[in-house]
There are 2 protein chains.
Amino acid sequence: MAEIKYRIALVEDDESLGYVLSEYLKINDFDITWVKKGSKVMEVLTTESFDLLILDITLPDSSGFDIAEMVKVKFPKLPFLFLTARSMKIDVLKGFALGAVDYLKKPIDEEELVARIHALLNRVVPPARNLNAEHSLQIGSYTFDPQNQVLERSGNRTRLTERENALLLYLSSHKNQLCTHNDILNGIWGKNDYFNKKSLNVFVSHLRKYLNEDQGIRIENIRNRGFVLSVAENPNS
Amino acid sequence: MAEIKYRIALVEDDESLGYVLSEYLKINDFDITWVKKGSKVMEVLTTESFDLLILDITLPDSSGFDIAEMVKVKFPKLPFLFLTARSMKIDVLKGFALGAVDYLKKPIDEEELVARIHALLNRVVPPARNLNAEHSLQIGSYTFDPQNQVLERSGNRTRLTERENALLLYLSSHKNQLCTHNDILNGIWGKNDYFNKKSLNVFVSHLRKYLNEDQGIRIENIRNRGFVLSVAENPNS
DNA sequence: AAAAAGATTAATGAAAGGTTAATAGGTTAA
DNA sequence: TTAACCTATTAACCTTTCATTAATCTTTTT
């Protein structure tokens, strides 16, 4: 079904375990890059992007702990977990102290590993990936077609600009829920500063204008937090 | 100190383990509610707000798995983990399939438990205050949605300001318990002086006004100490 | 009854938000 | 190459919100 796959970097020096694991994870619909040498990790991370990093600790040319420290500095948003034979309590605690999202002890059951990875990735919903709009959306008495950037009501069409479109898409896919300044700005502008926030106000103002023919629709401000597109329940079922 | 703490509901029937765990977690700065009976879980979750739920599976009056299913439906945003003596693979997989964020086997090292909880909450709640894990709370006949800052009763919606919202969240998270001036002021205002205390009174007054339609709800003053949000038990069992 | 603490309502002012207009940067068309 | 056009950003200006402060009244304590 051509879903986007989650990308995982697996750092493991052991040939046979590395092979088994990467094959197993591939079968389970992950996109795996198997890194056999600790010294290659940073290079791989620089050239490709990943959703998760799985680290062995005992590597012939370096320590997984050291790698984790470097990763944390250069790629602070990349979640990583340890998968290792070192099971002493001190190591476990060190792993978590370094910021690991999990610490798994070998031998690990493959099915459990997959279950844990899913549990992890489910929590980290990458905002970039859920901004897809296939078909038209209903907003009160308006029809919103984000594909074509058109907002329509009783024959009146408004062509939206890119920003207006992105903002309305964001708000309408979180109908009646608070959308924080931060989420909107990071989601659409990619960063959050004073001027973007000013800009956001301008576009909210535009959308309010377009939407003001339906009394049941309001873009409400929640001071210091963000906006809510509130849509009254319409009487038809 | 006097930071706002993460709130955890611990569901554990074993007296001694429950005691040890809740004390240990309290020492580590978590705000723990220990639920001894599986049948009480949903009730507690409905009236108090939590950041995490820890579930035993083998309970005398119900199964942790069943509880998880109900929680998933009614409080889909609340992360939960299993902490159990059942270590069979089938149980582990079932736990994750139900949406658990972790599955821990007894006996668990307390330090590791704390490390894992921190790893989890750091992911769920990146930098600021956690409102993501919040769901709507029941306060008497009112519904309080701290996420969207609204208080509702029989169709009447009141949009709360930031301070009102923070205060009501604090009080309702410590229902029927004394909330000292000091804790509230340090928790919400970040400092405690004469003028903040005056301000606090103003907001208490606002909340009383909003809540005065339900006779069973009162914000009581305890002279020189603080306030209690007291909610009468409703007549149904 | 005096003093202290709390409750309530109202006044104030700074900051946040709203709106419209001007600017600048980029793209298209001629 | 230039002119026309579109759009995001910035600016300017106005309006609203809400935490604080103040003022006044009520309750509790001694």
Side-chain angles (χ1 to χ4, degrees), chain A residues 146 148-151 157-171 178-212 217-230, chain B residues 129 146 148-151 157-171 178-213 217-230:
Chain A
N148 299 307
Q149 305 192 181
V150 178
L151 184 63
R157 311 184 92 218
T158 309
R159 171 140 258 140
L160 302 176
T161 72
E162 203 180 338
R163 283 279 194 265
E164 290 165 356
N165 190 65
L167 178 57
L168 186 55
L169 177 55
Y170 195 101
L171 291 173
L178 169 67
C179 303
T180 65
H181 294 135
N182 194 49
D183 287 350
I184 297 173
L185 289 172
N186 284 318
I188 297 178
W189 273 261
K191 60 177 180 175
N192 177 355
D193 65 28
Y194 172 79
F195 287 105
N196 295 133
K197 203 148 139 188
K198 283 293 189 186
S199 214
L200 170 57
N201 281 334
V202 173
F203 288 101
V204 168
S205 186
H206 292 173
L207 292 183
R208 284 196 179 120
K209 218 172 199 171
Y210 301 150
L211 293 169
N212 81 343
I217 303 175
R218 274 168 309 147
I219 301 180
E220 290 176 89
N221 170 251
I222 295 179
R223 191 168 240 245
N224 290 322
R225 303 246 284 135
F227 296 96
V228 177
L229 174 69
S230 85
Chain B
R129 161 91 335 94
N148 291 308
Q149 302 189 182
V150 306
L151 183 64
R157 310 186 86 205
T158 308
R159 200 149 232 135
L160 303 176
T161 72
E162 204 179 5
R163 283 277 194 270
E164 290 165 356
N165 190 63
L167 178 57
L168 185 54
L169 180 55
Y170 194 100
L171 291 173
L178 170 65
C179 302
T180 65
H181 293 134
N182 193 51
D183 285 351
I184 297 173
L185 289 171
N186 282 313
I188 296 177
W189 273 261
K191 60 178 179 175
N192 176 355
D193 65 28
Y194 173 78
F195 287 106
N196 296 134
K197 201 148 139 188
K198 284 292 189 188
S199 215
L200 171 57
N201 281 331
V202 174
F203 288 102
V204 168
S205 186
H206 291 173
L207 292 183
R208 285 195 179 120
K209 215 174 200 171
Y210 300 149
L211 293 169
N212 81 343
E213 291 183 25
I217 303 175
R218 274 167 309 145
I219 301 180
E220 291 174 87
N221 170 251
I222 294 177
R223 190 167 240 249
N224 290 323
R225 311 243 12 241
F227 296 96
V228 176
L229 173 69
S230 84

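Because only heavy atoms are used, hydrogens play no part in the values below, and waters and symmetry mates are left out as well, while side chains stay in. Being a predicted model, the structure only gives us computed values, none of them experimental. In what follows, chains are A, B, ... by sequence order, proteins preceding strands, each numbered from 1.
dA8(D) atom P lies 15 Å from atom CG of L185(A), rounded to whole Å. Rounded to whole Å, the distance from CG on N221(A) to P on dA15(C) is 17 Å. Nucleotide dA4(C) holds its P atom 14 Å from the NZ atom of K197(B), rounded to whole Å. Remark: C1' of dA8(D) and CD of E162(A) are 10 Å apart, rounded to the nearest angstrom. If you take CG of L167(A) and P of dT7(D), they are 16 Å apart, rounded to a whole angstrom. If you take CG of L160(A) and P of dA8(D), they are 10 Å apart, rounded to a whole angstrom. Separating the CD atom of E220(A) from the C1' atom of dG18(C) is a distance of 15 Å, rounded to the nearest angstrom. Atoms CG (L207(B)) and P (dA19(D)) sit 11 Å apart, rounded to a whole Å.
Using the Watson-Crick or G-U wobble rule with both distances under 3.5 Å, dA30(C) pairs with dT1(D).
Looking at every heavy atom in both residues, K191(B) comes nearest to N196(B) through O-OD1, 3.3 Å. Shown here for Q149(B) and R225(A), the closest heavy-atom pair between the two residues is OE1-NE, 3.0 Å.
F227(B) comes within 4.0 angstrom of sugar-phosphate atoms only, judged by non-hydrogen atoms across all strands, and of no base. Across all strands, S199(A) comes closer than 4.0 Å to base atoms (heavy-atom distances). Within 4.0 Å (heavy atoms only), F195(B) reaches sugar-phosphate atoms of the nucleic acid but no base atom. As judged by a 4.0 angstrom heavy-atom cut-off over every strand, N201(A) is placed among the base-contacting residues. Contact annotation for N224(A): backbone-only contact, meaning every heavy-atom pair under 4.0 Å involves sugar-phosphate atoms and none involves a base. Using a 4.0 Å heavy-atom criterion, one finds that H181(B) contacts the sugar-phosphate atoms exclusively. Across all strands shown, R163(B) has heavy atoms under 4.0 Å from sugar-phosphate atoms exclusively, and none from any base.
Between dT9(C) and K209(B), a contact under 4.0 Å exists linking OP1 or OP2 to a side-chain N or O. When the side-chain nitrogen and oxygen atoms of R223(A) are compared with OP1 and OP2 of dA15(C), none of them lie within a distance under 4.0 Å. At the phosphate of dT17(D), neither OP1 nor OP2 sits under 4.0 Å from any side-chain N or O atom of T161(B).
Relative ring orientation between Y210(B) and H206(B) is described as tilted, the plane-to-plane angle lying within the 30° to 60° band.
Looking at the side chain of V202(A), the nearest of the listed nucleotides dT9(D), dT27(D), dT21(D) is dT9(D). In this structure, the nucleotide among dT9(D), dT20(D), dA7(C) sitting nearest to the side chain of W189(B) is dT20(D). Out of dT8(C), dA19(D), dG18(C), the shortest distance to the side chain of S205(B) is found at dT8(C).
Tested against L185(B) for a side-chain contact (heavy atoms from CB on, under 4.5 Å), the candidates T180(B), D193(B), L200(B) yield a single pass: L200(B).
Between the side chain of R218(A) and the backbone N or O of L229(A), no donor-acceptor pair lies under 3.5 Å.
In the model, N182(A) has a side-chain atom that pairs as donor or acceptor with a side-chain atom of N186(A) under 3.5 Å.
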